[in-house]
Amino acid sequence: MMHHGKTPFVAAAALAALCTNVAAQTGMEPEACRSLIPAAMGGPLLADDNKIALRWLSTSNYELVYRGQVFLLDAYFERGPRNRPTGVVPSEVAKTDAILIGHAHFDHISDVGPIAQRTKAKVIGAPITIETALKLGVPAGQGTVVAGGETLHFPGVIVDAALAQHSTLSRDVLDALGRVFDLDAGPATPAEAEAEKAVMAKGTFAPEVITKGTIAYAFTFDTGFKLVWIDSAGPITDGDRALAQKLGPVDIAIVAYQGHPVSQIQVPVSLELVKLFKPRIFMPTHHDQIYGTFVDLGVEPLFEAIQDALPGTQTIAPLHNRPICFDISKK
């Protein structure tokens, strides 16, 4: 959905159509902007150097395609038998140039090993993240440690890393959420429970993930277009502030909207991060269901709060696995 000023909500599919119309009319890459096959799985790539394609792949996974490069933001794709398919099968990934991991909980890193092995992609993350990634099968030498303040260079784009912070939620709330699934849909079968337990083991619950292991990433393309992605809605850190000061207002902010199942509690937490980066366009992440852990959180309350606080910001609710293309050329 898109929300701009006081105009009504518009379906995200309509925005995607607007983004691809120019390409279709000029014969430039319409397929890459509408294919339901992720580029990482062999789907079409953009040929236009002045466009990027973003594809939300559930939880806080995004695929970013630019100049023939495929960046995966988080790597949690085979989520267990009671979750919907993400569209990515780690053992069949065809192309990935870099995997940026926000933090090393299982629901952000679980499939990093087989993808890195198949594609030789660089894996980027905090020290605890790279330590975990190596245990999950990432080959030695493919990990790049960032602690906050580093700048990484890729063709046509630089990536700044900042030390963020992971959100916290009481154990009582998490346990209650788990019981909701059992009460409403019935408990897991023994096979389902075993499969979900195996997925949860592909990560770490080390306490340093909270304050030392969560990284925010900002992409600055050589056209000047700027995108920031943060996969947990923790409190604002000095690292977040320094990144925002360096970037100035960004073009796209993708910020986690997760944790609290009550929107009135979660909205102000995510909103503060959005306000910090003052984006032209906001896209949520981590707002969807993880079976047995998180319920779907409606984005409308957050979008309305963003409209009130930042009336010039458009809000887009991405449709799962549908690419959205953006023209990032200088105006």
Side-chain angles (χ1 to χ4, degrees), residues 1 56-62 73-91 101-114 128 132 135-136 165-210 213-214 230-235 255-270 284-303 317-321:
M1 287 184 267
W56 178 55
L57 295 165
S58 300
T59 319
S60 56
N61 302 306
Y62 269 83
L73 314 183
D74 276 352
Y76 168 57
F77 300 114
E78 292 188 339
R79 307 190 305 166
R82 295 190 292 174
N83 289 287
R84 65 177 174 176
T86 60
V88 174
V89 180
S91 62
I101 303 294
H103 64 279
H105 287 158
F106 75 93
D107 55 332
H108 299 266
I109 198 175
S110 60
D111 293 308
V112 71
I128 186 67
T132 304
K135 292 177 181 178
L136 292 173
Q165 185 166 329
H166 194 277
S167 60
T168 56
L169 195 64
S170 77
R171 187 72 253 172
D172 288 344
V173 172
L174 287 170
D175 289 344
L177 283 170
R179 290 195 295 273
V180 165
F181 283 87
D182 288 346
L183 289 170
D184 199 34
T189 66
E192 288 171 340
E194 189 64 26
E196 290 165 3
K197 182 180 178 181
V199 173
M200 291 183 69
K202 295 179 181 180
T204 180
F205 291 102
E208 57 260 45
V209 169
I210 306 299
T214 300
I230 307 175
D231 75 348
S232 187
V255 175
Y257 178 48
Q258 60 74 232
H260 297 283
V262 178
S263 62
Q264 289 94 329
I265 307 302
Q266 185 59 45
V267 164
V269 179
S270 296
T285 197
H286 213 335
H287 54 290
D288 63 325
Q289 174 182 287
I290 299 177
Y291 209 101
T293 304
F294 291 125
V295 296
D296 284 313
L297 191 57
V299 297
E300 288 83 0
L302 176 61
F303 285 7
L319 298 180
H320 174 247
N321 208 13

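If you take CG on Leu169 and CG on Leu174, they are separated by 4.5 Å, rounding to the nearest 0.5 Å. If you take OG1 on Thr204 and CG on Leu136, they are separated by 9.5 Å, rounding to the nearest 0.5 Å. Rounded to the nearest 0.5 Å, atoms CD1 (Ile210) and NE2 (His103) are 7.5 Å apart. Atoms OH and OG1, on Tyr257 and Thr285 in that order, are 13.5 Å from each other to the nearest 0.5 Å.
The side-chain hydrogen bond (donor to acceptor under 3.5 Å, both in side chains) check on Asp74 picks up Ser60, His108, with sequence neighbours excluded. Evaluation of the side chain to side chain contact (heavy atoms under 4.5 Å, CB included) rule for Pro207 yields no partner, not counting sequence neighbours. Applying the side chain to side chain contact (heavy atoms under 4.5 Å, CB included) rule to Ser170 yields the partners Asp172, Val173; only residues at least two apart in sequence or on another chain are considered. Remark: Ser270 pairs with Gln266 by the side-chain hydrogen bond (donor to acceptor under 3.5 Å, both in side chains) rule, at least two apart or across chains. Take Asp296 and apply the salt bridge (charged side-chain N to carboxylate O under 4.0 Å, His left out) test, not counting sequence neighbours, and it matches no residue. The salt bridge (charged side-chain N to carboxylate O under 4.0 Å, His left out) test applied to Lys135 returns Glu131, not counting sequence neighbours. Take Tyr76 and apply the ring-ring contact (aromatic ring centres under 6.0 Å, His included) test, not counting sequence neighbours, and it matches Phe106. Glu194 is linked by a side chain to side chain contact (heavy atoms under 4.5 Å, CB included) to nothing, counting only residues two or more places apart in sequence or in another chain. For His260, the ring-ring contact (aromatic ring centres under 6.0 Å, His included) criterion is met by no residue, not counting sequence neighbours. With sequence neighbours left out, the side chain to side chain contact (heavy atoms under 4.5 Å, CB included) criterion links Ser167 to Ser232, Gln258.
Counting heavy atoms from C-beta outward, Phe205 and His105 have side chains that approach closer than 4.5 Å. Using a 4.5 Å heavy-atom threshold, the side chains of Ser110 and Glu78 count as separate.
Checked by atom type, the side-chain pair His286/Asp231 shows no donor-acceptor distance below 3.5 Å.
The heavy-atom pair separating Ala233 from Val269 by the smallest distance is O-CG1, 3.0 Å. Considering all non-hydrogen atoms of both residues, Ala193 and Ala188 come closest at N-CB, 3.9 Å. Taking all atoms of both residues into account, the shortest heavy-atom contact from Ile101 to Ala75 is CD1-N, 3.9 Å. Nearest heavy-atom pair across Trp56 and Asn61 is CD1-O, 3.4 Å. Residues Tyr291 and Ala185 approach most closely at OH-CB, 2.8 Å, considering heavy atoms. Thr132 and Ile128 make their closest contact through OG1-O, 2.7 Å (heavy atoms, listed as atom of the first residue, atom of the second, distance).
No donor-acceptor distance shorter than 3.5 angstrom exists from the side chain of Asp111 to the backbone of Pro90, with no hydrogens or angles considered.
Sequence neighbours left out, the pairs with a member in residues 81-90 that pass side chain to side chain donor-acceptor pair (under 3.5 Å) are Arg82-Glu196.
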Donor-acceptor pairs under 3.5 angstrom involving side-chain atoms of residues 176-184: please list them, not counting sequence neighbours.
none

